[in-house]
Amino acid sequence: MNFTRWSARLPGTQRRAAARDDRSSVPAARAESGATPPGDTSEPSAPVSGPSLEGLSARELLGRLPAPVALLHGPEHRITYVNAAYVSAFGPRPCGTPAAEAMPELAELSLLPLMDQVLRSGTSRTVKSRKVRAGNSYTVTCTPVTTGDPEGEAGVLVYATDVTDHAEAAERLRASERRHRETAVTLQRSLLPQDLEQPDDLRIAATYQPGGTDAAVGGDWYDVITLGAGRTALVIGDVMGRGVRAAAVMGQLRTAVRAYARLDLPPHEVLQLLDVLAAEIDASQIATCVYAVHDPNEGHLVYASAGHLPILVCDEDGTVHRAEDPTGPPLGTGGWVHTSGTIDLPPGSTAVLYTDGLVERRSEDIDEGVASLERALSGAKGSPQVVCDRLIRSLGVTAEHDDDVAVLVVQHPARTGTSAELFHNASLELLGGIEAAPRARAFATGVLASWRFPMELCDLGVLAASELVANSLQHGTPPMRLGLRRTDRRLIIEVTDGDDHLPRRRRAEPADEAGRGISIIASIASSWGSRRTPGGGKAVWCEFALPG
């Protein structure tokens, strides 16, 4: 092939470069001659240093380019020319040989199919930052060229730019971003419970998925706290915004909730305390929270909400209920008196607590998202973890989701058969008077024997019931009630009365005739505690772990 024909049909980039170089030689020629073109009133240009490109052939122009250049023609892409930079980068290439045989680097860069497209379409194509086996990365442009001869074969000019430094820097940046994100997610997860507590009467699972691909952590959290006497606190919250500050506030609020929960206060009182604390931590951070308590003896959740989305409960038949009220403003606003509400959680039902990342989308109202969650929950079956995963999938939450998501699924299983035989309740109303104590001991003895506990555990249970009843008779007021409950893991003894003064463990002096009851309870039981009840009274309880 006559190479000079190609010079008339250079691709636009090289043609413009040659034109600029030709124009740059004109002022130099004028300066050398000292002549000024007619009509030109400008000052004479200073001489331009450097070699002139005027009169150079296409081969010479391409040969001077510092970037690898190859010229190929025909459907087999036969090699017509490679410049010195190409030879330096990839080695010499024999002219007339098809590129598929003599230029393996083009196959590594996936250029052979691209050159076919360029020949067919007559349009330039570019591939960015492709790596060859030698280790360097190139951005390559394939440009169609013609000979000017109608019967001549069209060809492709391959122009490669070495972008190795840029590609390596970009990969280092991506690796750094991955490390930062992994560190941020690790920080976030470390602030969440590592192992969820599993109450006797509930089955619980939780899922947390960080949002976005950046390194900013979020403020979503959840928790499960066993309160004693079979009662369980369920918590979910969301500190708005992202970043370490949001995560730090979240960590402090979660720790505070666990501390306040140990006081065994009603949900609205826990939120009142949390509201004050949130304002002290950072008044600029907005946080929402739901705090709910499950009591197996009552069959419902008592809850309070600070600006959070409603709890959803799905009955065994698939009917979904939404806990609407009471809901107060977010934490930290102050001046609001929170109240508690209830929602039924019968055997066989499932409750879901969640953050707004699960249901909020920019393209729709958040109520539509909650309705979508209700539909997904209605058909969700299986273990709590299976339900968690299904809700995440049904709501379209993927790894690219732009907001953090936390979901807490709570199931109250309907027990039948052998499982049901391990869960029993018994209670006795105490009318007061000197006959109440022996009646309580006789009742406890009969019940514990019927539950087939070991003799040692029966004796300890009767002793604990006797001490709790004696304490209530001495310091409490009617109505009084003794409750016994067994689960598959523990025996629970609880006495309630109408006085709201909580007992305290104290050291009794040798001459004291009273004050040793709570110390006895603390020494024989696995755990004990007390709380105020909604009616203005109190409950004092203790637990014994079952053997085996």
Side-chain angles (χ1 to χ4, degrees), residues 227-233 260-273 291-304 326 337-342 424-448 461-486 491-506 508 512-522 525 527-544:
L227 303 176
R231 302 168 72 252
T232 305
Y260 296 148
R262 298 306 176 192
L263 301 175
D264 215 339
L265 300 171
H268 64 276
E269 293 189 23
V270 171
L271 288 192
Q272 290 291 154
L273 294 173
Y291 182 90
V293 174
H294 175 258
D295 189 327
N297 297 314
E298 297 175 356
H300 57 243
L301 291 176
V302 181
Y303 70 93
V337 179
H338 291 273
T339 57
S340 294
T342 61
H424 291 289
N425 287 283
S427 62
L428 175 67
E429 298 296 331
L430 302 173
L431 302 178
I434 58 174
E435 73 282 358
R439 286 186 63 237
R441 285 193 294 271
F443 175 76
T445 301
V447 170
L448 297 181
V462 171
L463 175 59
S466 178
E467 291 295 337
L468 290 179
V469 169
N471 182 78
S472 182
L473 289 172
Q474 183 173 357
H475 302 288
T477 59
M480 301 179 185
R481 179 176 173 272
L482 169 64
L484 303 177
R485 175 174 173 78
R486 73 154 293 169
L491 165 65
I492 302 168
I493 302 172
E494 184 175 72
V495 174
T496 61
D497 63 50
D499 185 83
D500 64 356
H501 290 85
L502 301 181
R504 294 181 300 166
R505 185 179 179 182
R506 64 183 181 87
D512 290 346
E513 296 182 0
R516 295 179 177 83
I518 296 300
S519 294
I520 293 174
I521 295 295
S527 60
W528 77 278
S530 62
R531 72 180 186 279
R532 290 186 173 88
T533 54
K538 68 174 179 295
V540 186
W541 56 267
C542 66
E543 295 181 350
F544 294 88

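Only heavy atoms go into these numbers, but all of them, side chains included; no hydrogens, no water, no symmetry mates.
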Exercise. How far apart are the closest heavy atoms of R532 and D500, and which atoms are they?
Worked result: NE-O, 3.1 Å

Seminar exercise, completed: Minimal heavy-atom distance between L227 and A261, with the atoms involved, is CD2-O, 3.4 Å

For this session: Please tell me if the side chains of E269 and L273 come closer than 4.5 Å, counting only heavy atoms from C-beta onward.
Result: no

Problem set entry | Straight-line distance of D295 CG to T342 OG1, nearest 0.5 Å | 12.5 Å

For this session: Find out whether L428 and V447 are in side-chain contact, i.e. whether some heavy atom of one side chain is under 4.5 Å from a heavy atom of the other.
Result: no

Seminar exercise, completed: Between A539 and T496, the two heavy atoms sitting closest are CB-CG2, 3.6 Å

Exercise. What are the two closest non-hydrogen atoms of A440 and V469, and how far apart are they?
Worked result: CB-CG2, 3.7 Å

For this session: Look only at the side chain of T232 and the backbone of H294, and say whether a donor-acceptor pair between them is shorter than 3.5 Å.
Result: no

For this session: Using a 4.5 Å cut-off on heavy atoms from C-beta on, say whether the side chain of P503 contacts that of H475.
Result: no

Problem set entry | Gap between atom CG of L468 and atom CG of L482 - 0.5 Å precision | 8.0 Å

Problem set entry | R531 with E494: basic N within carboxylate O range, under 4.0 Å | yes

Seminar exercise, completed: Shortest non-hydrogen pair, V302 vs S340, comes out as CG1-CB, 4.0 Å

Problem set entry | S472 side chain vs G476 backbone, donor-acceptor pair below 3.5 Å | no

Problem set entry | Minimum heavy-atom distance between A229 and W541, given as atom pair plus value | CB-CG, 3.6 Å

Problem set entry | Whether T445 side chain and R441 backbone form a donor-acceptor pair below 3.5 Å | yes

Problem set entry | H424, NE2: over 12 other non-hydrogen atoms inside 6.0 angstrom | yes

Problem set entry | Check: S530 and K538 side chains under 4.5 Å, non-hydrogen atoms | no

